[in-house]
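First the structure, in the form of structure tokens, and then the observations on it.
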Amino acid sequence: GPWKLIHWMEDDRAELFDLSKDLGEQRNLAEKEPQRAAQLRAELSAWQKQVGARLPLPNPAHDPAKPDGRGAKKAGK
């Protein structure tokens, strides 16, 4: 269908978009459509189990006060 769910692993947040009306993914409908978001999350979870998806594990050495790598300066630059 036209619905797209994005599950953000970092904070367990979901975004939901109706691509038939919002191709640019500008309006997150997760709060307006909580049942649809929950259904799609359940389908995603079932699929992950079915295919044996390996999910990321928390990094115990992570320091949120340090740059996340995206904004950090590269060595030698």
Side-chain angles (χ1 to χ4, degrees):
W3 294 95
K4 176 179 179 179
L5 179 85
I6 300 173
H7 176 219
W8 295 98
M9 303 293 269
E10 297 88 349
D11 57 5
D12 200 34
R13 178 173 47 94
E15 293 181 359
L16 179 68
F17 302 98
D18 180 352
L19 299 180
S20 70
K21 297 176 183 169
D22 181 20
L23 198 54
E25 299 176 12
Q26 299 298 307
R27 293 185 339 202
N28 178 6
L29 300 174
E31 288 186 19
K32 288 186 178 183
E33 298 269 355
Q35 290 179 328
R36 187 180 308 272
Q39 175 61 36
L40 289 173
R41 283 187 80 165
E43 290 179 27
L44 174 61
S45 180
W47 174 81
Q48 289 169 326
K49 288 176 186 169
Q50 177 186 355
V51 300
R54 294 176 55 188
L55 302 177
L57 299 173
N59 178 355
H62 173 67
D63 181 352
K66 293 183 179 177
D68 66 4
R70 295 181 191 121
K73 290 185 178 182
K74 303 284 186 207
K77 291 191 177 186

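Every heavy atom of this structure was used, including side-chain atoms; hydrogens, water molecules and symmetry mates were not. These figures come from a predicted structure and were not determined experimentally.
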- [ ] Provide the closest heavy-atom pair for Asp22 versus Arg27 in the form atom of the first, atom of the second, distance.
- [x] OD2-N, 2.7 Å
TODO: Please check if any side-chain donor atom of Glu43 sits under 3.5 Å from a side-chain acceptor atom of Gln39, or the reverse.
DONE: yes
Open item on the list: Looking at Gln26 and Gly24, would you say the former's side chain and the latter's main chain have a donor-acceptor pair under 3.5 Å?
Closed with: yes
Open item on the list: In the structure I gave you, are the side-chain heavy atoms of Phe17 and Asn28 within less than 4.5 Å of one another anywhere?
Closed with: yes
Task: Flag side-chain contact, heavy atom, 4.5 Å: Trp3 against Asp18 - done: yes
Open item on the list: Looking at every heavy atom in both Met9 and Leu55, which two are closest together, and how far apart are they?
Closed with: CE-CD2, 3.8 Å
Task: Check: Glu25 and Leu19 side chains under 4.5 Å, non-hydrogen atoms - done: yes
Task: Approximate separation, where rounding is to 0.5 Å, of His7 NE2 and Glu10 CD - done: 9.0 Å
Task: Co-membership, hydrophobic cluster, residues Leu44 and Val51, 4.5 Å side-chain - done: yes
Task: Closest approach of Ala14 to Ala30 (non-hydrogen atoms, all atoms of both residues) - done: O-CB, 3.6 Å
Task: Arg13: partners by salt bridge (charged side-chain N to carboxylate O under 4.0 Å, His left out), with sequence neighbours left out - done: Asp11, Glu15
TODO: Using a strict 4.0 Å threshold on nitrogen-to-oxygen distance, state whether Arg41 and Asp12 make a salt bridge.
DONE: yes
